[in-house]
There are 4 protein chains.
Amino acid sequence: MASTTMTRKPLQSRSQASLERMLAAARALMLEAGNEDFTLIDVSKRGNVAIGSIYLRFESKDALVRAVLLEELAQIAEDELVMFGTVKAKTSALEDFISNYVDAYAELLQRHAGMLRLAMLRAVFDPVIAGPGAASAERIAHNTTETILEYLTQSESPRAIEKAEATYLIIFSTLARELRLGFTGHSAHHVDWAFLKRELARMCLAYLKSDD
Amino acid sequence: MASTTMTRKPLQSRSQASLERMLAAARALMLEAGNEDFTLIDVSKRGNVAIGSIYLRFESKDALVRAVLLEELAQIAEDELVMFGTVKAKTSALEDFISNYVDAYAELLQRHAGMLRLAMLRAVFDPVIAGPGAASAERIAHNTTETILEYLTQSESPRAIEKAEATYLIIFSTLARELRLGFTGHSAHHVDWAFLKRELARMCLAYLKSDD
Amino acid sequence: MASTTMTRKPLQSRSQASLERMLAAARALMLEAGNEDFTLIDVSKRGNVAIGSIYLRFESKDALVRAVLLEELAQIAEDELVMFGTVKAKTSALEDFISNYVDAYAELLQRHAGMLRLAMLRAVFDPVIAGPGAASAERIAHNTTETILEYLTQSESPRAIEKAEATYLIIFSTLARELRLGFTGHSAHHVDWAFLKRELARMCLAYLKSDD
Amino acid sequence: MASTTMTRKPLQSRSQASLERMLAAARALMLEAGNEDFTLIDVSKRGNVAIGSIYLRFESKDALVRAVLLEELAQIAEDELVMFGTVKAKTSALEDFISNYVDAYAELLQRHAGMLRLAMLRAVFDPVIAGPGAASAERIAHNTTETILEYLTQSESPRAIEKAEATYLIIFSTLARELRLGFTGHSAHHVDWAFLKRELARMCLAYLKSDD
DNA sequence: TATGAATGAGTATTCATTCAT
DNA sequence: GATGAATGAATACTCATTCAT
């Protein structure tokens, strides 16, 4: 068994390296062009892999694109969890939480903007992408809502659940503008990002604390 | 004058009809697929126009796509003005305005969602689309902000300008989710639209009325 | 009959003018491009004639091209006769004749170079052009040969006929290089034209006067 | 070394064979039509290569045409050198040289007439073809002139250089008629080729030996 | 397994020709 | 007769996919 492993490992890592190179090449090409219009020849040259090798791992170009996006979505999901834990750990009041959360979430979305944009475009017609995307989104929505609720119940706010959910939705929507979906800064091309984040936090707080 | 019209109409309407058929066919194909990947053969068949006829009116497939989008953007700009006038006419208090505005703006964006989505995607690399899109966006942003300010100055709110601007941005961003930019309902696929609109209005109001 | 003529003339001259405009436009386009790759739309715009009108006079684009070329070939034939008469009129010795003839023939070929080039290219596959072209060529060949013979018989040269014919062939071939058929001056790009004409005349004279 | 050849040959010859088939097909089509108006589908069918394979070797149809012509021009250049060497080797007097040279040069031009004709047509607008064509022409012109001069200086002829150059030009121009540039036999369609070559040689000799 | 040359269906674009007005 | 908008066949080129080595 040891020998089997010995013999297989190098081969596997060879394969593994080749697989990673094609994924990385496709990823780079997708980010550079902002779309999926790269060719497999591009991937072949850039990733130093034979075209045939791509078809050994993926049944089509589409499957390769999906793999790249799914990999990114998994990473985003992980990053979200880490981000969420970090924010929670350093906050004890609603004010702190909302403000830090908006900052951290904004940063996360910005970091993954390129691929997230592509993932969202594809999600429109590709359930394989829409699924994990929605699942991940739901988890972060749930976590966020729960945490806001924890802070809110301390102050016995009525309609707490509804407000917490709306808050998450509005925060996500607003920050998602940064994914460059929209006319270059539709309605905002000289509004700066810091300003938007600050006011978004304030708005959410005013809303959450209001006793309507 | 009547005779002039008589003589010209048939000639114009023939051409006009053909032009409209190709624009309509392209529009329909774009909306159905959610992208610009239709072929001119599709347009030819669907619109019952010869391929050559398309090139009689447009210098390229791209120009046809642009024409479809520009037509829609012009319509959107007009609709926005009408919508804005209607909302203003029937509101006298900030509460009414925000609530009605969110409703009406949401309806407008929903009505144009398909093409607006395509316009935004193209705006990323096509200045011919980005220009009018941004101009239109800026006008509605300006109008909205001004109106909010009118109501706010009545109550001498500090930071009125910043809050009015942030309000517009956040409303637009939140409603724009409806353009299906995002995982089908990323984080919101069973949250209903009526709920979101109501809470968005409330949030904005709480924010605008807060004395931070 | 007078009235018929009255009524017809203006119409005819209208038609005539239109016909001439399309021929002139086609001619200009052919000369500018150096080939037959113009489009009928070009002719339509340039000549201010409707495309339909072209098909009223010519059964195809090819027929239009032919008409232009045939018109030019007829003009060339006429020019050749005039040129030949002029040269003969002012010369009385072989030396004068050859020298003046080479000059005048060179000038004629140069003047018609553009269309002659096109005519020759088309003659390869179009008998309608090859015919008149060859006929015209034969006449000038005959005239030239005859004239040379007149001068030669004065000096009782043996092989006079053969030499006269060869002289014409060689003069024509050499001058035809000016039609820009050949690598830009294949083998001659800094040899000047005046030199070539002078030496060509000398060579012919030496040959004609030799008693081989 | 043998094994290297063994391993490489099959790979190369497959590719090589395919490349040669497309070049040969294009060549044949060009010669048959006398122009470049063949289609890539024609090449594909005739050469039994996929259209895509053509684009694997050439970046455009134009590049394929160029390759065919350049190949021929290179062959012509080589043939010219061989021809020239052979002629020089077997001649010791001017008479012999001119006569043999005209014969051999005529044969060479005839052999390559079809492609040479196409090359010259393209040279008008394509520097890639005009360059090698002119270079090759200049070399043969130079060689010819030099050789004539060697024979002439023996007889201390005045104006030797000018006469040698003119001789080359006139020989080339006259023989080039055979490239079918000109109305099929413009001025010569029943003049036979043997006659023309003989007289051309005589004319050149008479000229070169004359003491003008 | 790995390779990358070969494949050919698919697409934008052009332009001679037709024909309704 | 005159017009010029409409037609659609034809063609260069691209690229995902296959398969012989």
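Below, all heavy atoms of this structure are taken into account, side chains as well, without hydrogens, waters or symmetry copies. We name chains A, B, ... by the order of the sequence lines, and we start the count at 1 in each one.
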Listed partners of [X] passing side chain to side chain contact (heavy atoms under 4.5 Å, CB included), at least two apart:
X: A63(A); answer: F58(A), E59(A), S60(A)
X: L69(B); answer: M30(B), E36(B), V65(B), M115(B), L118(B), A119(B), R122(B), I129(B)
X: I51(B); answer: I41(B), S44(B), Y55(B)

### Query
Do any side-chain nitrogens or oxygens of S53(A) fall under 4.0 Å of OP1 or OP2 in dT3(E)?
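For dT3(E), OP1 or OP2 has a side-chain N or O of S53(A) closer than 4.0 Å.
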### Message
Side-chain N or O of S15(A) versus OP1/OP2 of dA2(E): is the shortest distance under 4.0 Å?
### Response
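Looking at the OP1 and OP2 atoms of dA2(E), one of them is under 4.0 Å from a side-chain N or O of S15(A).
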#### Entry: side-chain hydrogen bond (donor to acceptor under 3.5 Å, both in side chains) assessment of R57(A) paired with S18(A)
CA-CA 10 Å; R57(A) 314 282 186 175; S18(A) 160; 4.5 Å; no
### Rounded distance in Å - CG (N48(C)) to P (dA2(F))
14 Å
### Task
Write down the distance between CG (L29(D)) and C1' (dT11(F)), rounded to a whole number of angstrom.
15 Å
### Message
So if I take every side-chain heavy atom of I51(A) and compare against dT3(E), dG8(F), dA5(E), which nucleotide ends up nearest?
### Response
dA5(E)
### Message
Between R66(A) and E71(A), does any side-chain N to carboxylate O distance fall below 4.0 Å?
### Response
no
### Task
Identify whether the distance between the nearest side-chain nitrogen and carboxylate oxygen of E32(C) and R46(C) falls below 4.0 Å.
yes
### Message
Whether the side chain of K61(D) engages the backbone of F38(D) through a donor-acceptor N/O pair (distance < 3.5 Å, no angle test) should be reported.
### Response
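Indeed, once roles are kept as given, a pair shorter than 3.5 Å links the two residues.
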### Query
Looking only at atom types and distance, does a side-chain atom of D126(D) sit under 3.5 Å from a main-chain N or O of A123(D), one as donor and one as acceptor?
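The answer is no, because no donor-acceptor pair under 3.5 Å joins these two groups.
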### Task
Please list, by residue number, the residues of residues 54-64 of chain D whose heavy atoms come closer than 4.0 Å to an atom of DNA chain F; answer none if no residue qualifies.
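The answer is Y55(D), S60(D), K61(D).
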### Query
For DNA chain F, which residues in residues 35-47 of chain C have a heavy atom at a distance below 4.0 Å?
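Contacts with DNA chain F under 4.0 Å: none.
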### L73(D) vs L116(D) side-chain heavy atoms within contact, under 4.5 Å
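Yes, at least one pair of side-chain atoms sits under 4.5 Å.
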#### Entry: Side chain proximity check, N35(D) to L121(C), heavy atoms < 4.5 angstrom
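N35(D) vs L121(C): side chains apart.
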### Message
Both atom distances under 3.5 Å, Watson-Crick or G-U wobble: I'd like the secondary structure of DNA chain F as a dot-bracket string, with | for pairs made across strands.
### Response
.||||||||||||||||||||
### Query
Please walk me through it: do H112(B) and Q75(B) pass side-chain contact (heavy atoms from CB on, under 4.5 Å)?
CA-CA 9 Å; H112(B) 293 289; Q75(B) 184 60 53; 4.0 Å; yes
